[in-house]
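Shown next, in structure tokens, is the structure this report addresses.
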Amino acid sequence: MYNQDKYDYDKNDASSIYDYAKRLINKTLREMAPSPMIIKDAPATEVKGKFGQHLEKYYFGIENNSKSEPDFKEASLELKSTPIKKLQGGRYSPKERLVLNIINYNEIVKETWEKSHFLNKNEFILFVMYLYEKDKFFLDYLVKYVNLWKLENNDREIIRQDWEKIVAKIRNGKAHELSEGDTFYLGACRKGHHEKPRGYSCSQISAKQRAFSFKTKFMKSIIHRLQDSESLIKKSDELKSKNFEEIVYDKFREFLGLNVDKIEEKLKINLNESAKNYYEVLARRMMKITAKKIEEFEKANVKMKIIRLKHNGVPKEDMSFPYFKYNEILTQNWTESDFCGQLESKFFFIVYQMDKDENKILLKKVFFWNMPAKDMEEAKKVWCKTQNIISQNVFDSFPKKSENEVSHVRPHARNKEDTCRAPDGNSYTKKSFWLNSQYLQSQIEKN
DNA sequence: GCATGATCATGC
DNA sequence: GCATGATCATGC
């Protein structure tokens, strides 16, 4: 039975359950939910569903049941564990469809969508996704994602339509003709291969047992959404002992001063070093991030930037920003300009440096940075001069690097023909604001 | 060796 | 096809 003392979560509160569940990330059931009994290794066929049962019983302390109400009924939350597999390139995809509640042919025909057992049980789901590996015992599967998921928006509508279609077929006495191809996201899949076809109220013809399921491709979309952004904070109590910056810096600590080969070796990875985004990918891997976006950086509008220093400490390149539109600059003032907005955000600099002797690139330092107010004033000068020049239709005297210690303007396009319309009616090669490498150097040395 | 112009590579 | 981050190429 559920025991509030033993299991450290509040069963009435979905976010408390979620926090407790998040402790599973990158852990196995063997570590997190030891069983009082000895569980013997068993062939894979007998293991199906064991992960979920074990998770419920020994991690959450709820008795396995197949009731039509959600597993955490006070929080209206259903617990679902599901296997995922790793693709080449490190991303994840579902191993199989997610089987939901069994369709009761006699009961469902009396239901409406809003009051359906299906919706009641599956509207709000706590996903625990574990990495399936063929030769592993289920207690040793690694949990990769824990996610609170709600059926909403367009997905909800399409699934409602799928549900209606399935129910209509049953009402018409055609349950034996149900097929997964009937519907889009929600399928009526076979469940229990040894089950004999059974009769039901709407038909003389008996039908095989089926269950609702989220199709594999639909599961794929859920997993992809998860991978789109990933949190840097892996444990919910981490922020109690460290601030966010420390958490981030700690991730890099063991790699500082190492060359990139050593870093890869340490991470046990082998990246394509000639890729243009190599240093960025490497930085993500040091942070243990496989997603495209970093959740906290998104929310805080932190821009991650790679800076590569030559052995003398000067950045190899100036830092570019998105190109500006000549016409747009004329209509804006500094504070509402794109460039001002870009400079006002916080940056996370990852600095690599070329080592003179060994000809290797080392991880030099990482730090959060935002532009000091007095330097913003300098950038403002550059922006104002740019605006002025455009208003006078002079397109050959944009602020040069030598004119300002912080920033300058220069082309930023695919080629000379990649142009943008200007107020004088002509088009000119796209240009953007850049931060001077020497300026970046001074900021790197200060931090 | 640096400033400036030009372009590549990737991802959406 | 384009935006963007990253990088190359040229000339002084």
Side-chain angles (χ1 to χ4, degrees), chain A residues 87-91 220-221 224-225 227-230 260 271-285 289-294 297-298 301-329 337-339 341-343 345-354 356 361 363-364 366 369 378 382 385-386 389 394-422 426-442 444:
Chain A
L87 301 174
Q88 286 182 343
R91 292 177 66 80
K220 193 174 169 183
S221 81
H224 277 191
R225 235 174 292 157
Q227 292 179 91
D228 187 55
S229 113
E230 196 171 337
V260 294
L271 303 173
N272 172 12
E273 201 162 336
S274 59
K276 260 191 155 174
N277 59 356
Y278 170 74
Y279 295 96
E280 201 224 340
V281 174
L282 188 64
R284 289 169 173 284
R285 300 302 283 265
I289 293 277
T290 50
K292 288 193 288 289
K293 295 175 185 161
I294 298 168
F297 284 10
E298 289 295 309
N301 194 26
V302 172
K303 299 273 179 272
M304 188 165 116
K305 291 273 195 181
I306 307 295
I307 300 176
R308 284 168 63 189
L309 306 179
K310 296 182 283 191
H311 61 79
N312 64 4
V314 181
K316 207 165 156 277
E317 311 284 346
D318 306 306
M319 183 179 287
S320 70
F321 287 84
Y323 81 94
F324 57 77
K325 299 193 173 69
Y326 299 110
N327 284 320
E328 218 170 86
I329 280 202
S337 69
D338 292 350
F339 189 39
Q342 285 146 7
L343 294 181
S345 65
K346 192 176 266 301
F347 291 83
F348 183 53
F349 287 153
I350 293 159
V351 185
Y352 297 91
Q353 182 166 19
M354 179 63 85
K356 197 179 182 184
I361 296 179
L363 178 67
K364 174 88 174 163
V366 301
W369 178 82
E378 291 302 309
V382 174
K385 178 170 184 198
T386 303
I389 280 168
V394 201
F395 287 89
D396 57 358
S397 57
F398 285 103
K400 293 178 189 302
K401 200 173 179 179
S402 52
E403 288 177 39
N404 184 286
E405 64 175 28
V406 173
S407 172
H408 64 281
V409 170
R410 73 174 211 261
H412 189 184
R414 260 171 296 129
N415 54 42
K416 260 161 73 171
E417 277 69 50
D418 187 18
T419 59
C420 178
R421 180 80 77 180
N426 297 319
S427 292
Y428 299 92
T429 309
K430 288 174 182 167
K431 296 192 171 56
S432 67
F433 294 99
W434 297 68
L435 290 185
N436 302 350
S437 53
Q438 294 85 343
Y439 171 67
L440 293 170
Q441 179 187 15
S442 73
I444 291 165

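Every heavy atom of this structure was used, including side-chain atoms; hydrogens, water molecules and symmetry mates were not.
- Listed for the A:Gln353 side chain is a donor-acceptor partner under 3.5 Å among the backbone atoms of A:Lys310.
- Rounded to an integer number of Å, the gap from CZ of A:Phe347 to C1' of C:dT4 is 14 Å.
- When the side chain to side chain donor-acceptor pair (under 3.5 Å) test is applied to A:Arg284, the partners found at least two apart in sequence or on another chain are A:Glu280.
- Computed from coordinates, the A:Gln441 CD to B:dC2 C1' distance equals 13 Å when rounded to whole Å.
- With sequence neighbours left out, A:Ser427 forms a side-chain contact (heavy atoms from CB on, under 4.5 Å) with A:Thr419, A:Arg421.
- Annotation: salt bridge (Lys or Arg N to Asp or Glu O under 4.0 Å) contacts of A:Lys431 (sequence neighbours excluded): none.
- In this structure, A:Lys305 is positioned above the aromatic face of A:Phe321, its NZ or CZ under 6.0 Å from the six-membered ring centre and within 45° of the axis.
- Atom CG of A:Leu440 is separated from atom C1' of C:dG5 by 14 Å (rounded to the nearest Å).
- A:Lys310 comes within 4.0 angstrom of the backbone, heavy atoms only, and of no base.
- Rounded to whole angstrom, the span from the CG atom of A:Leu435 across to the P atom of C:dT4 amounts to 16 Å.
- Atom CD of A:Glu328 and atom P of C:dA3 are 12 Å apart (whole Å).
- For the helix from B:dG1-C:dC12 to B:dC12-C:dG1, the rotation axes defined at the first and last 5 base pairs enclose an angle of 30°, given to the nearest 10°.
- Among the atoms of the strands shown, only primed sugar atoms or phosphate atoms (P, OP1, OP2) are found under 4.0 Å from some heavy atom of A:Gln438.
- For A:Tyr323, whose side chain is taken as the heavy atoms from C-beta onward, the closest listed nucleotide among B:dA3, C:dT4, B:dC2 is C:dT4.
- With rounding to whole Å, A:Glu403 atom CD is found 13 Å from B:dA3 atom P.
- Nucleic acid contact class of A:Asp418 (heavy atoms, under 4.0 Å, all strands): none.
- For A:Phe297 and A:Phe348, the ring centers sit closer than 6.0 Å to each other.
- To the nearest angstrom, P of C:dG5 lies 15 Å from CG of A:Asp318.
- For the pair A:Phe398 CZ and B:dG5 P, the computed distance is 10 Å after rounding to whole Å.
- For A:Asn415 (side chain) and A:Glu417 (main-chain N/O), a donor-acceptor pair under 3.5 Å exists by modelled atom type.
- Residues that satisfy the ring pair (Phe, Tyr, Trp, His ring centres under 6.0 Å) test with A:Phe347, not counting sequence neighbours, are A:Phe349, A:Trp369.
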Under 3.5 Å, which N/O atoms of the protein pair with N/O atoms of nucleotides 6-10 of chain B?
from	atom 1	to	atom 2	distance (Å)
B:dT7	OP2	A:Lys416	N	2.8
B:dT7	O4	A:Ala413	N	3.4
B:dT7	O4	A:Ala413	O	3.2
B:dC8	O2	A:Lys276	NZ	2.4
B:dC8	N4	A:Ala413	O	3.4

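- Mapping A:Lys303 and A:Glu317 onto DNA chain C by nearest heavy atom places A:Lys303 at the nucleotide closer to the 5' end.
- Counting non-hydrogen atoms of other residues, nucleotides and ligands closer than 6.0 Å to NZ of A:Lys364 gives a total of 12 or fewer.
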